[in-house]
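Basis for what follows: all heavy atoms, side chains included, without hydrogens, waters or symmetry-related copies.
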Amino acid sequence: MKTTIKINLSGQIFNLDDDAYQELKEYLDSISRRFRDSDEGVEIIGDIESRIAELFQEKISDKKQVITIEDVKDIIGRMGQPEDILDEEETTGSGSSKSHTNSRGSKRLFRDPDNSAIGGVCAGLAAYFGIEIWLMRLLWVIFFFATGVLFIVYIVLWIVVPKAETAAEKLEMRGERVTVSNIEKTVKEEYENVKENVKEGYQKVKNSGELKKTKNVLDEILHVFGRIILICAKIILFIIGFSLIIGGLATLTALSIGFFFSSVVFPMTFFGSDFQSLPEMFGIFGDPTNLTLITIALFFTIIIPIVALIYAGIKMMFRFKANDKMIGLTAFVLWILSLVFLISMAAFEGWHFTDHGKSSINYELEAFPSDTLALSINENPDIEGFSDEWYTSYDDDWHLLSTEDKVYGRMDLNILPGDFEDWEISVRKSSQGRNNTEAVMNATKLDYSWNQSSSALVLDPYFSLEKPNKWRAPGTTVTVLVPEGKYIRLNKNTRYFLNRVKTEDELWKHEIAGEVWKMTDEGLVAVD
């Protein structure tokens, strides 16, 4: 059984029998010895190897994956030996050194990059059909104006037809046999053409009397252009630096006022309430000591980058150098520590909001002679700084009102059918905490008041939390349970608090307020 050897030829992998490998190696070595000392030898050898790889691919099929010695000998016979080149040169002499062998090979369609005007399609077709290039281009122009579709055909051919890049492909394009001799002559012709074109162009430029003058003018233009760019860069850097300084100082001033000064200088509104400073604003949510540390960490986290921007702006404007690496490193470390501390403390404070709890109390209303209950919201709840503007919004669920001793939050109102013949009111308080027990305890700390006078029920718009108890996302929902067959008159000011209302016609909540309704087993029904 023969040994197979795997080789990489022109970027492709082939399996060869051992004797086929030895035959190919000797052939390639002879090729290398023949061309390695010439200027264009590397390109010639590469084109020959590419052509051999193409012929190998033709020998391979699904049933045959190994190249045999017979295959190698057949390819060598088609390519020719390096010695054939010497015999041709001795026979033809110097006068025919650039002529190719007269034997013809099969033609293949390629795009001709050497004679291309756009994509080389016309030049490639001219070589394939054996006509002049100018004639092929003329035919394309004529048919283009006659039919109007050849442009699309040209684009398709440009994409589909490969470009003749190697010497072997250019020989196939012209229909000449792809042999070692022809590959060498093709590469040499290209090399000589390029060298002559470069030499001719260089001599023209070198002998031109305008060269020196052009060079001087070009140098002057580049010098002036460089100066303009430098001046523009300085102006831009100055503007950027000035903007950083002004913006940084303005931000620094605003933050300092926001952190430390009163609302007389910098008024702040948070959830509808005025606060003197940021610590006071967030003081209702957490421990004062923790919030002080959080405020300091937040201050450094924001201020350090702003100061760095101001410093960078000063350096841009005045372009000075300073040994500030240690200061910068210290500020960076302090900023990282402040940021880590801020995240840690925020996570610790967030721990107080991890669980939810609620507390509900049901009250039976005092009997009254009428079958209609008049429900309204207390418009004067005796809260310092109260204004009805604070609850005349449908979507302000987080509305807060802070006074010296209490924090107030807006309640929600439900109107639902009752299970008994008597009127009832349910007050459900909810809050959050580190666990359910703490959350329920926080909910019981909420205060809510309502007042009944005969058939009139007046509800306070806010529930309250005594300070220094902390705000743990509390809420209070008041549910009026209406017995079936009874009537309820909703004051217009209830529209801002209505949450769940069961009606027969599924009306919008804001359409219910200001009307008289009768409770049925299907819900509220409007009374004419």
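Residue Thr354 comes nearest to Arg434 through the heavy atom pair OG1-O, 3.2 Å, listed as atom of the first residue, atom of the second, then distance. Ile377 and Val458 get closest at one heavy-atom pair: C-CG1, 4.2 Å. Taking both residues in full, the closest heavy atoms of Phe368 and Ser454 are given as CD2-O, 3.6 Å, listed atom of the first, atom of the second, then distance. Of all the heavy atoms in Ser360 and Arg428, the pair that sits closest is OG-CG, 2.9 Å. When every heavy atom of Ala443 is checked against every heavy atom of Gly357, the shortest pair comes out as CB-O, 4.2 Å. The two residues Trp423 and Pro483 have their closest heavy-atom pair at CD2-CD, 3.6 Å.
The side chain to side chain contact (heavy atoms under 4.5 Å, CB included) test applied to Leu9 returns Ile7, Phe14, Leu28, Glu49, Ile52, Ala53, Phe56, not counting sequence neighbours. Residues satisfying the salt bridge (charged side-chain N to carboxylate O under 4.0 Å, His left out) test with Lys64, not counting sequence neighbours, are Asp71. By the side chain to side chain contact (heavy atoms under 4.5 Å, CB included) test, Thr4 is found to be paired with Asp17, Val66, residues two or more places apart in sequence or in another chain being considered.
At a threshold of 4.5 Å between non-hydrogen side-chain atoms, the residues Ser338 and Leu342 do not count as touching. Looking only at side-chain heavy atoms (C-beta outward), His356 and Ser430 come within less than 4.5 Å of each other. At a threshold of 4.5 Å between non-hydrogen side-chain atoms, the residues Asp355 and Thr437 do not count as touching. Residues Arg500 and Lys502 have side chains not in contact (no heavy-atom distance under 4.5 Å, counting atoms from C-beta outward). Side-chain contact between Val501 and Leu524: present, with at least one pair of heavy atoms (C-beta onward) separated by less than 4.5 Å. Side-chain contact between Ser464 and Ser449 is absent, with no heavy atoms from C-beta onward closer than 4.5 Å. With contacts defined as side-chain heavy-atom distances shorter than 4.5 Å, the pair Ile67/Asn15 does not qualify. For the pair Glu515 and Leu490, the minimum side-chain heavy-atom distance is 4.5 Å or more.
Atom CG of Leu413 and atom CG of Leu459 lie 6.0 Å apart (nearest 0.5 Å). We find the CE-CG distance between Met345 and Leu298 to be 12.5 Å, quoted to the nearest 0.5 Å. Taking CD of Gln452 as the start and CG of Leu365 as the end, the distance is 4.5 Å to the nearest 0.5 Å. In this structure, CD in Glu522 is found 9.5 Å from CD in Glu484, a value given to the nearest 0.5 Å. Distance check: Glu466 CD to Lys406 NZ gives 4.5 Å after rounding to the nearest 0.5 Å. Atom CG of Leu481 sits about 8.5 Å away from atom CE of Met519, to the nearest 0.5 Å.
The closest donor-acceptor contact from the side chain of Ser453 to the backbone of Ala456 lies at 3.5 Å or more, if one exists at all. Side chain of Gln65 to main chain of Ser61: a donor-acceptor pair is present (N/O by atom type, distance under 3.5 Å, no hydrogens or angles). Side chain of Asn491 to backbone of Thr494: no donor-acceptor contact under 3.5 angstrom is found. Judged by distance alone, with hydrogens and angles left aside, the side-chain atoms of Asn469 form no donor-acceptor pair with the main-chain N or O of Leu465 at under 3.5 Å. Between the Ser344 side chain and the Val340 main chain, a donor and an acceptor come within less than 3.5 Å of each other. Without hydrogens or angle criteria, Thr3 side chain to Asp18 main chain gives no donor-acceptor distance under 3.5 Å. In this structure a side-chain-to-backbone donor-acceptor pair under 3.5 Å is missing from Ser426 to Asn362. Within the 3.5 Å criterion, the main-chain N or O of Ala123 finds no donor-acceptor partner in the side chain of Asp112. Panel note: side chain Asp412, backbone Thr477; no donor-acceptor pair is recorded below 3.5 Å. Trp335 places a side-chain N or O within donor-acceptor distance of the main-chain N or O of Thr301, the cut-off being under 3.5 Å.
For NZ of Lys358, the number of neighbouring non-hydrogen atoms (other residues, nucleotides, ligands) closer than 6.0 Å is 12 at most. Within a 6.0 Å sphere centred on CD of Glu421, heavy atoms belonging to other residues, nucleotides or ligands number 12 at most.
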Lys518/Lys486 under side chain to side chain contact (heavy atoms under 4.5 Å, CB included): CA gap, chis, key distance, verdict: CA-CA 6 Å; Lys518 180 181 179 180; Lys486 301 294 182 178; over 6 Å; no
Residue pair Ile304, Leu334: steps toward the side chain to side chain contact (heavy atoms under 4.5 Å, CB included) verdict: CA-CA 8 Å; Ile304 289 176; Leu334 180 60; 3.8 Å; yes
Arg489 and Thr372: CA distance, side-chain angles, deciding distance, side chain to side chain contact (heavy atoms under 4.5 Å, CB included) verdict: CA-CA 7 Å; Arg489 177 183 288 107; Thr372 301; 4.2 Å; yes
Leu373/Tyr487 under side chain to side chain contact (heavy atoms under 4.5 Å, CB included): CA gap, chis, key distance, verdict: CA-CA 6 Å; Leu373 177 69; Tyr487 299 85; over 6 Å; no
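For the residue pair Glu379 / Asn493, a side-chain donor-acceptor distance below 3.5 Å is found, with atom types taken as modelled. Side-chain N/O atoms of Asp460 and Asn378 include a donor and acceptor closer than 3.5 Å.
Among the candidates Tyr363, Phe463, Tyr462, the single residue satisfying the ring pair (Phe, Tyr, Trp, His ring centres under 6.0 Å) test with Trp450 is Tyr363.
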